[in-house]
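Computed from heavy atoms alone, side chains included, the values below leave out hydrogens, waters and symmetry copies.
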Amino acid sequence: MMKRPRLISANPYEKDVKQDENLGDLVGRLPDDILVNIISRLTLKEAARTSVLSSRWKYLWTFTSSLKFDPGRSILRYTLGMNPSEEERSKYINWVNKVLESHRGSINEFKVIFDLGDAHASSITNWIYTAISKRVQSLALYFIHLGPTYTFPQECCNILKNQCGIKSLRYLCFYGVNVTGEILEFFIYNCPLDGLYVVWSSTLSSLKVVGSSTQLKYLGINYCRNLKEVKISAPNLLFFDYTGPKIKLHVENVPQLFDVTIGGSDRVEPGQVISPIVSYFPQLKNLDLRFYADEVYKQFKNCGLPKLRHLTLQVLPCTHKRLFWLASILNKCPILEKLTLKLHSQFFVVGGRVIQHKICRFPLPNPQSSS
C-alpha cells in the first residue's frame, strides 16, 4: 500500500503559533497570586492592557503591588523646560485617580512623577492618604514645578498617625516637595524607615535623626537651600549623602557609617560641611566628594583613610601639575581598590563658537614611590 504523502502546512508559522497557544494555556493555569506577581513586574500601562486577555484577567491587574505613574515622554518635555499644559496635568491626575479607585489590595511601591505643584495639593494629599492606607512600603513623590511648590500639610501627620498602614512604610522620597523637619521626624520615628531622601525643599531648615530606636540606614539631603542644621546620631546608618549650602552638621554614634557622599552648591563652604565627619573617616569604605575646587581635596592629606576601598572625586579639566595633590590623598588609602575621577569639561564661547577645554592625559603619581 502506498503511503499517503505528508501534507505541508500553508502556514510556516503554524507550529510556532501552537507552541504560543500551549504556553498561554500553561500561564493561564497558574494561581492568581503568581499571575499578580508577574503583572506587578510590568509597567502600569502594560499591566492594565492584560485586562483584555480574558474574563479571568479582567481585574487581575487591579491587584498589582507596583503603582509607578511614569508619564514617559511627557517627563522629558518639562525636564527640558517645556512645561505641560493644564490639560496635560489634569489628564495625569485623572489617570492616577482612576487607577487608585480601581485598585484592590495592598501596594508595595507608589511613585508619581510629573510637573505638579501647590495648585494640585488636594489630589496629591489624597494620593498619600490612599497609598498609606494600602500599606505602601515605598512612597516617592517627584515634582518639578516652576510655580508654587507642593507643601506637605502638617495636619496630615495627625491623620496618618492613626492609620496602621504607616507601620509598613520603609522608603520615603520627597523631590520638589516642601517639608519641615517636624514632618520628616514624624516619619522617622513613627515608621520603620530604611531610607529617606529629600531634594529641593525650600522649607526644610533643620533635621534631627537621633535615637537608638531609629532604623534609618540611608539618608540623603540635597539642594535644600534654607537648611541650617542637621544632627545625626543613628547607630544603623550605613549611607549619608549631602549636597547643598553651608550647614551645622553634628554627627555622632554612627558605627556602621561606611558610605558617604558630600557635595557643595554655590554658597557652600566645604570645610564647614566636611569637618564634622572627618573623625569618622577611618571607618569609611566608600567616599564620594562632589566639589570642583582643588583646595577642598587638599585638606584630606592629613586625614587617615585606612579602610577606604573606593574613592570618587569630581575634578575640573586641568593640567597634570594641578592633580599632583592626589598623591598625598592616595598615601592615606593603603588598601584602596578603586579610584574614580569624574572630569567635568569646561567650554567657552568665543566669536559664536564653542571652544572646549581639552583634558590632558598624564600618568598618576605613585604614592608608594613618594613616601
Requested in this report: Check whether any side-chain N or O of K68 sits under 3.5 Å from a backbone N or O of S66 as a donor-acceptor pair, and report yes or no.
Outcome: no
- When you look at L204 and I183, which way does the side chain to side chain contact (heavy atoms under 4.5 Å, CB included) test go after all the steps? CA-CA 10 Å; L204 182 62; I183 291 174; over 6 Å; no
ask   = Less than 4.0 Å between a side-chain N and a carboxylate O, is that true for K91 and E88?
value = no
Just list the side-chain donor-acceptor pairs under 3.5 Å for residues 166-175, sequence neighbours left out, or say none.
unit_1, atom_1, unit_2, atom_2, d
K167, NZ, N190, O, 3.3
R170, NE, D194, OD2, 3.1
R170, NH2, D194, OD1, 3.4
R170, NH2, D194, OD2, 2.9
Y175, OH, W200, NE1, 3.4

Under 6.0 Å between ring centres: does that hold for F187 and F152? yes
So side-chain hydrogen bond (donor to acceptor under 3.5 Å, both in side chains) across residues 231-240, not counting sequence neighbours, yields none
- Query: Can you hop from F186 to L216 via hydrophobic side chains spaced under 4.5 Å?
  - Reply: yes
- Task: Hey, can you tell me if Y197 and F239 have their rings parallel, tilted or perpendicular (30° and 60° cut-offs)?
- Result: tilted
Query raised in the report: Given L308 and Q283, is the side chain to side chain contact (heavy atoms under 4.5 Å, CB included) satisfied, shown in steps?
Result: CA-CA 8 Å; L308 198 68; Q283 71 188 48; over 6 Å; no
Here the pair of heavy atoms bringing P235 nearest to G211 is CD-O, 3.7 Å
Here the salt bridge (charged side-chain N to carboxylate O under 4.0 Å, His left out) pairs for residues 196-215, sequence neighbours left out, are none
| message | Between R89 and D115 (salt bridge meaning N to carboxylate O under 4.0 Å), is one present in this structure? | response | yes
The single option from F114, Y142, W95 that satisfies ring pair (Phe, Tyr, Trp, His ring centres under 6.0 Å) with F69 is W95
Discussion item. Before you tell me yes or no, could you show the steps for E229 and H250 under side chain to side chain contact (heavy atoms under 4.5 Å, CB included), namely the whole-Å CA-CA distance, both residues' side-chain angles and the distance that decides it to 0.1 Å?
Written reply: CA-CA 8 Å; E229 184 177 15; H250 310 278; 2.9 Å; yes
side-chain contact (heavy atoms from CB on, under 4.5 Å) with K342: of T312, L313, L289, only one passes, and it is T312
In short, salt bridge (charged side-chain N to carboxylate O under 4.0 Å, His left out) pairs touching residues 143-163 with sequence neighbours left out are none
In short, side-chain hydrogen bond (donor to acceptor under 3.5 Å, both in side chains) pairs touching residues 119-129 with sequence neighbours left out are N97-W127, T125-Y150
Carefully, step by step, assess L116 and Y92 under the rule side chain to side chain contact (heavy atoms under 4.5 Å, CB included). CA-CA 10 Å; L116 299 176; Y92 182 87; 4.2 Å; yes
Name each donor-acceptor pair under 3.5 Å that joins a side chain in residues 333-340 to protein atoms two or more places apart or in another chain, with its distance.
unit_1, atom_1, unit_2, atom_2, d
E337, OE2, R309, NH1, 2.5
T340, OG1, H310, NE2, 2.9

